Amino acid sequence: MSLTFDFVQPEPAATDRITLFADVILPLPLPKLYTYRVPYEMNDDVVIGGRVIVQFGAKKTLSCIVAAVHETPPALYQAKYVLEFIDDAPVVTQPQLKLFRWMAEYYMCTLGEVINAALPSALKLSSESRIQLHPAFVRDEPAYPLSEPEEKIVVALSTEDGKAMTFTDVGELLGNTNFHKVIKSLIQKDVIFLFEHLADKYSPKVVKKVRLAHHFVEENVLEGLFQQLAGRPKQLDVLMRYLQKVPVYQNVHANHQGTEKASLTSSPHLSPSAVNTLIKNGVLEQFDVIVSRFPLDDSPEAKMPFTLSEAQLTAQADILKQFTEKDIVLLHGVTGAGKTEIYIELIRKALEGGGQVLYLLPEIALTAQIVTRLMRVFGTRLGVYHSKFSDNERVEVWNGVLSGRFQVVVGVRSAVFLPFDNVSLIIVDEEHESSYKQYDPSPRYNAREVALMMANFQGAKTLLGSATPSVETYYQTRAGRWGLVSLTKRFGEAGLPEIELVDTRKSRDAKKMLNHFTPELMSEMERKLAMQEQVILFQNRRGYSPFINCLDCGWIPKCKNCAVSLSYHKHAHELRCHYCGFHDRMPVECPACGSRNLKTVGFGTEKIEDDLKVMLPQANVQRMDLDTTRAKNSYQQIISDFENQVTNVLVGTQMVTKGLDFANVSLVGIINADSIIHYPDFRAHERAFQMFVQVSGRAGRKGKKGKVIIQTADPAQVIFDKVIRNDYLEFYEYEITQRREYGFPPFMRVIRMTVKHVDQLVAEQAAILLTQELVERLGREAVLGPEAPYIFRIRNFYLQEITIKLDREHTVLKHAKGQIAAAINVVKDQKEFRQARLVADVDPM
DNA sequence: AGCACGCCGACT
DNA sequence: GTCGGCGTGCTC
């Protein structure tokens, strides 16, 4: 408990009673905390970071987090009472609260929004929460005695099969007496479980187990049983196996735990029917046990040792040495240099020191392979936090961190929200990845920056890893503030791939293009496939074609909600908008002129796949993009098919650039490099360089030299030269000069304001006013715009953008954010702009 | 974010 | 004459 009160004086007189107030964080986008009064008799129950239930407004009952407790009554209003206290220990720890406050301030959002993003929804009880009888609960023999109100609920829930009750129902049933306590108690006793109204149907993971019926446990009775079963060899086998698994002779109590039913039926000479007969005859009894979704498998073979190479050892020593002087170190290692092994060693060392470890990875790099590898080393101490996880699994990880069960967590962006309180090492792998930045729902945070702040608050060291570090990060190492360790050799004998530029314009002029393939790429593919080697093709656009065009009247289908053309998806036979999800059937004829001459223009992954199936009929081609990986296990399926060489060619979007380490890939093709380079953004070159180098890294592993072919209409562009020589430093020098000259990060901070309104004119006017207000407060030179972005309408909202550039200095930044907030308020106070949405994105990517 | 209060159109 | 549209203001 984080709060202590001075109750030393014995029996305080009633008039001396302390009145406490709790400032709570509501899970809503409200700018401030709300103060509720704690009932006297509950003074001991307030926990900072614990959940409480309050009435908010006339109707709503919300669960929220206590952020502070004090004795100052609000001057301007009468505080309502806290209705109930749910937790007797914090679910949100003090270090988390501190970090969340920082996030809210830095990313210009409310604490409520941060809390909302942070808490797994199963921790957010709302009036929509419902309860249901636990499937493993047997009414006639409860494991714990039930109180009267508890019994009442059980009866009500038992009347119908699988009946659910809302909190309101429970309240009515019990006459509104502190029913949350009752519910919580029932949950603890595994009598009921809680689920969110619309959330997927929770089913606790249940394992069928069997044990010896209790009257057989005694040794002499057991002997008698053997006699009885003498003529039934199958059943005897099962029994012997059971006694082998559960040493009832040595330890009578072991029988209570029993063993998994599956363990008695799995091996071939044991028959499941014999097990069932034993159960039927009352020799064995079957029972259900709820198990963790993260099994406790601490088998001894788990601790698989491995040895680091000379280069890895040197790098590791260097990192540790730099950590003695610096809190942040960048491990700049070429793809395939073996960074993961170094991470594992460092994690092991950090754990020996008693601290927690957070290992962040981008979504697409967090694969089953890496988790298995980490599991082998860290066993049950490892927690995994992934976006494909169900809410129940998330809560298990959250609680596991709180209880200390998980000391290492490998996870994606949102893992920075977990309740760490003693982190000693944070690893941010692929630190340059833009997927660490959350864009759409607020908080628009960058997990790398949040991780750095968490490390700062908790005195941890941070290791950033990348083959292509972000310019901002590398700048910090150059300035000497952060450490730098480089790994320039690939693990094993694998050399870096040979990169060849192929001029698409030349081929096109010579009429030699085969669909979107140059003859060079085509013949190289054929050659590699003939050698039974695999190919990865990268095309940064999904769908079949980005738009279609009527050859007779020029009609191009556009999205009705967004200012974009609709992409053609051949397989689904649809036209789709990639911004709002609108879709429509592909028309047979032009709706404008009736012509049937509809032509696809441009190409995406689907067309590449389609063409290849015709051009390389002997090859097995698979596509990996958002459309083919939507289903739950499809991503893993595609990867394992490719790994097992079921597929020969993998065509994909950015997904193919990360984390796929396959020894047999000897060719990588980038179909259209130009679309990546020409992007209206100051980070376009950085992103392009990173993408090319990362995807190139997929070619050639384990001693095989790979080849990369980049198709471009303009091979003379400066960036290619640096990609071909894999010269990060040269790229950095070139890029940093540009950044300095044009005043971009790391020299300046960028805050991007977006103004949205359904009416284009109003959006423009609001943006103009906002710009004026910003200029007034921050100066003309700090404010750029307003300007309509390239895609100026999304989901029926017209957009206007304003870019604010600020000095990096902390105090300036803090002051500026106050000024921006003030400017936003001026616009918002204008009643014609009430409907406008003004969004600030700090450090946009 | 919701939800209530409040002032102007198409309906029994 | 009313039911209901969603604009705007508040929630401790």
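What you are looking at is a predicted structure, and each value in this text was computed from that prediction instead of being measured. Per chain, numbering begins at 1; letters A, B, ... match sequence-line order.
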Covered region of DNA chain C, 5' end to 3' end, by chain A [heavy atoms, under 4.0 Å]: C:dT8 to C:dC12
Non-neighbouring partners of A:Glu773 that pass salt bridge (Lys or Arg N to Asp or Glu O under 4.0 Å), sequence neighbours left out: A:Arg777
Atom-to-atom span, CG of A:Leu28 to C1' of B:dC3 - whole angstrom: 12 Å
Set of side chain to side chain donor-acceptor pair (under 3.5 Å) partners for A:Tyr790, sequence neighbours left out: none
Partner set under salt bridge (Lys or Arg N to Asp or Glu O under 4.0 Å) for A:Arg413, not counting sequence neighbours: none
Sugar-phosphate only, base, or nothing, as touched by A:Leu30 at under 4.0 Å among non-hydrogen atoms: base
Length of the line joining A:Phe56:CZ and B:dG2:P, which is rounded to integer Å: 11 Å
Salt bridge (Lys or Arg N to Asp or Glu O under 4.0 Å) against A:Arg749, all qualifying residues, sequence neighbours excluded: A:Asp843
Contacts of A:Asn446 that satisfy side chain to side chain donor-acceptor pair (under 3.5 Å) - sequence neighbours left out: none
